[in-house]
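The structure appears right after this line, and notes come after that.
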Amino acid sequence: MNRRVFLMSVAGAAGCGGGVPRLNVYNWSDYVAPDTIPGFEREFRVRVHYGTYESIPEMLAKVMSGNSGWDVVFPSAEYVRPMREMGLVAPLRHDWLPNLQALDAAFQHPSWDPELRWSVPYMHGTTGIAYQRSLAPQPRAWSDLWDERLRGRITMLDDPPEVLGACLKKLGYSLNSGDPNELRRAKQEAIAQKRLLRAYLNAEVRDQLVAGDVGAAQAWAVTAAQAIAAARGELAFVLPAEGFARFADNMAILRESRRSELAHHFIDYLLRPEVAAKIVQATRTATANGAAHKLLPPEIRENPVLYPPPEVLARGEWFEPQSAASQSLRDRLWTEIKSA
Ligand code: N2P
């Protein structure tokens, strides 16, 4: 359906139901440009209620009930299958998503959803260490985040797979390990590190890095890129020697949504190369949209924090869904870490 026909049907619906249709979109912080949402509202003559979250557990806590009121959410790759199995996401109609072709070839058939039946890749990135250039020596490995000299100036992500993942990598294991012994050793590492930590922080670490309060932080590349851009040369980002996590955040429509068609139009709008390129320029994120990437100015398109070369990315590991048994062990270990 094209935009004109859609507008006519919206007008028709508004005529009998009254009121402007509203779409509820729940996304990670800093994942759209200032004019992204107003632009959609103007063009489609709808209202968007836009909310943000800082972690997957925060998002899941809201949508698990199946009547959260949200229509579009942005799950990370390893949560697409569990959310599908829990019946939380709706199958996508590709005939309503003509801009799917703009996706980078690397994201057309991702391992977590090869036919893009449930999700559309949106942003991607790595997890590494953002740090003050003034530090000597400069962090190069996860083990450097256990350095006494940085006591009180280190942060880790407030995210169980990320913290356990860094500890597992420090020990030489896979970040997706489900082995109880490896996981218990990882927990001990996390507990040993705790007395050096300032806090567990996600995107909030950005401002503390810029202010100079944090010396070294486990950080998402997108958060690091934003901090680096704001700090004029004082900050840097490294992908640790032991290996690191890669992530991809995806767009999905909740099964509970009663505005599936409008939700598809929203996703397709975010897939437009011009819209996606503006988002990347405003937010310093790494887009999964190949056509948008080509529109970027060279200094952003070639930013090594956001787009590391393939030989570096090859040292990364994608998060994978956990079995029920290892998930419940991981949940328990995280509680022990947080309460230690
Ligand atoms: C949001 C960054 C989220 C990346 N500001 C982690 N999936």
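Atoms within each ligand, like the ligands themselves, are counted from 1 in listed order.
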Please report whether the ring centroid of Trp334 lies less than 6.0 Å from that of Tyr200.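 Between Trp334 and Tyr200, which both carry aromatic rings, the centre distance is below 6.0 Å.
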N/O to N/O below 3.5 Å, does that happen between Asp249 and ligand 1?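 Checking ligand 1 against Asp249, an N or O pair does fall under 3.5 Å apart.
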Any N/O of Trp28 closer than 3.5 Å to an N/O of ligand 1?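 No - when backbone and side-chain N and O of Trp28 are compared with those of ligand 1, no distance drops under 3.5 Å.
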Considering only protein heavy atoms, which is closest to atom 4 (C) of ligand 1, and at what distance to one decimal place?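 The answer is Tyr31 OH, 3.4 Å.
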Identify the closest protein heavy atom to atom 1 (C) of ligand 1: which residue and atom is it, and at what distance?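 Minimum-distance protein heavy atom for atom 1 (C) of ligand 1 reads Ser29 O, 3.2 Å.
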Partner of Val280 by side-chain contact (heavy atoms from CB on, under 4.5 Å), out of Thr285, Leu295, Asn303: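 The residue from Thr285, Leu295, Asn303 that satisfies side-chain contact (heavy atoms from CB on, under 4.5 Å) with Val280 turns out to be Thr285.
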Counting from 1, what ligand 1 atoms have a heavy atom of Val222 closer than 4.0 Å?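 Those of ligand 1 that fall under 4.0 Å from Val222 are 2 (C).
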Check Trp318, Phe247, Phe319 against Trp112 for a ring-ring contact (aromatic ring centres under 6.0 Å, His included) and give me the one that passes.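 With Trp112 as partner, Trp318, Phe247, Phe319 yield a single ring-ring contact (aromatic ring centres under 6.0 Å, His included), made by Trp318.
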Is a side-chain donor or acceptor of Asp213 paired with a backbone partner of Gln208 at a separation under 3.5 angstrom?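 Looks like no, no N/O pair under 3.5 Å.
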Can you tell which of Trp70, Tyr50, Tyr53 makes a side-chain hydrogen bond (donor to acceptor under 3.5 Å, both in side chains) with Asn27?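 Result for side-chain hydrogen bond (donor to acceptor under 3.5 Å, both in side chains) with Asn27: Tyr50.
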